[in-house]
Amino acid sequence: MAIKIIVSDTVLVRVEGTITNEQGTAEPFDFKLRCKRMDTTTLRDRVDANVAWAALVAEVAEGWSGVKGEGGEVPFSADGLQQLLAIPGLAMLAANAYVRDCGAKAKN
């Protein structure tokens with residue numbers, strides 16, 4: 001199969017992990033972020049400059065799916081994204097998922 005030279009400007013990034021509840025049990029979560037795709041040089045410059053993980057994700061995120069609150073699905077907003085990224089470890093997890101998913105990777 002041939003590769004397309006044109007790559008879309010956006011990428012869907014799956015963020016998966018667990019968070020420990022008040023009983024000490026790890027509860028799994030996963031959601032998707034729709035992000036602007038950075039070129040390799042820009043992404044490398046952001047990471048090399050030690051840009052905070054939350055700032056990197058805030059720069060590229062344009063939407064989400066699967067983020068739920070007390071009343072069900074939460075609509076995407078800049079404030080909502082900041083609340084999500086304030087959960088300890090989540091910004092780094094989302095940034096790593098973005099770096100993993102925005103480029104080419106080996107096929108299994």
Side-chain angles (χ1 to χ4, degrees):
M1 174 184 273
I3 185 170
K4 243 184 359 180
I5 298 297
I6 300 170
V7 178
S8 71
D9 291 337
T10 59
V11 60
L12 196 60
V13 176
R14 185 172 185 177
V15 181
E16 300 175 272
T18 62
I19 192 161
T20 304
N21 66 19
E22 61 272 4
Q23 287 81 32
T25 305
E27 292 186 13
F29 66 84
D30 72 275
F31 61 92
K32 293 180 180 144
L33 290 172
R34 189 180 72 252
C35 298
K36 295 180 276 189
R37 188 185 306 266
M38 282 187 182
D39 62 70
T40 302
T41 302
T42 304
L43 182 56
R44 185 186 61 237
D45 289 347
R46 296 295 191 284
V47 173
D48 287 348
N50 291 318
V51 172
W53 297 122
L56 174 64
V57 175
E59 182 177 349
V60 297
E62 298 179 322
W64 65 31
S65 63
V67 176
K68 297 179 182 168
E70 300 260 339
E73 191 90 11
V74 176
F76 179 80
S77 68
D79 287 340
L81 180 61
Q82 290 305 314
Q83 288 178 358
L84 183 70
L85 297 176
I87 297 170
L90 198 95
M92 185 176 66
L93 188 65
N96 285 329
Y98 174 74
V99 170
R100 176 196 69 220
D101 290 350
C102 73
K105 49 191 153 289
K107 183 178 176 184
N108 291 338

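Taking the side chain as every heavy atom from C-beta outward, Trp53 and Leu93 never approach each other to under 4.5 Å. Counting only heavy atoms from C-beta outward, the side chains of Phe29 and Ile87 never approach each other to under 4.5 Å.
In terms of heavy-atom proximity, Ala97 sits nearest to Val15 at CB-CG2, 4.2 Å. Nearest heavy atom pair, residue Thr10 against residue Ser8, reads O-OG, 2.6 Å. Minimum heavy-atom separation, Leu33 to Ala94: CD1-CB, 4.1 Å. Across Leu85 and Ala54, no two heavy atoms sit closer than the pair CD1-O, 3.7 Å.
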Check the pair Asp9 / Arg37 against side chain to side chain contact (heavy atoms under 4.5 Å, CB included), numbers first and verdict last. CA-CA 5 Å; Asp9 291 337; Arg37 188 185 306 266; 5.6 Å; no

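For the atom pair CG of Asp45 and OG1 of Thr40, the computed distance is 10.5 Å after rounding to the nearest 0.5 Å. Going from atom CD of Glu27 over to atom CG of Asn21 covers 4.0 Å, rounded to the nearest 0.5 Å. The distance from the CZ atom of Arg100 to the CZ atom of Arg14 is 9.0 Å, given to the nearest 0.5 Å.
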Under 3.5 Å donor-acceptor pairs involving side-chain atoms of residues 55-81, not counting sequence neighbours:
unit_1: Glu59; atom_1: OE1; unit_2: Arg46; atom_2: NE; d: 3.1
unit_1: Glu59; atom_1: OE2; unit_2: Arg46; atom_2: NE; d: 3.3
unit_1: Glu59; atom_1: OE2; unit_2: Arg46; atom_2: NH2; d: 2.8
unit_1: Trp64; atom_1: NE1; unit_2: Val74; atom_2: O; d: 2.7
unit_1: Glu73; atom_1: OE2; unit_2: Gly66; atom_2: N; d: 2.7
unit_1: Ser77; atom_1: OG; unit_2: Gly80; atom_2: N; d: 2.9

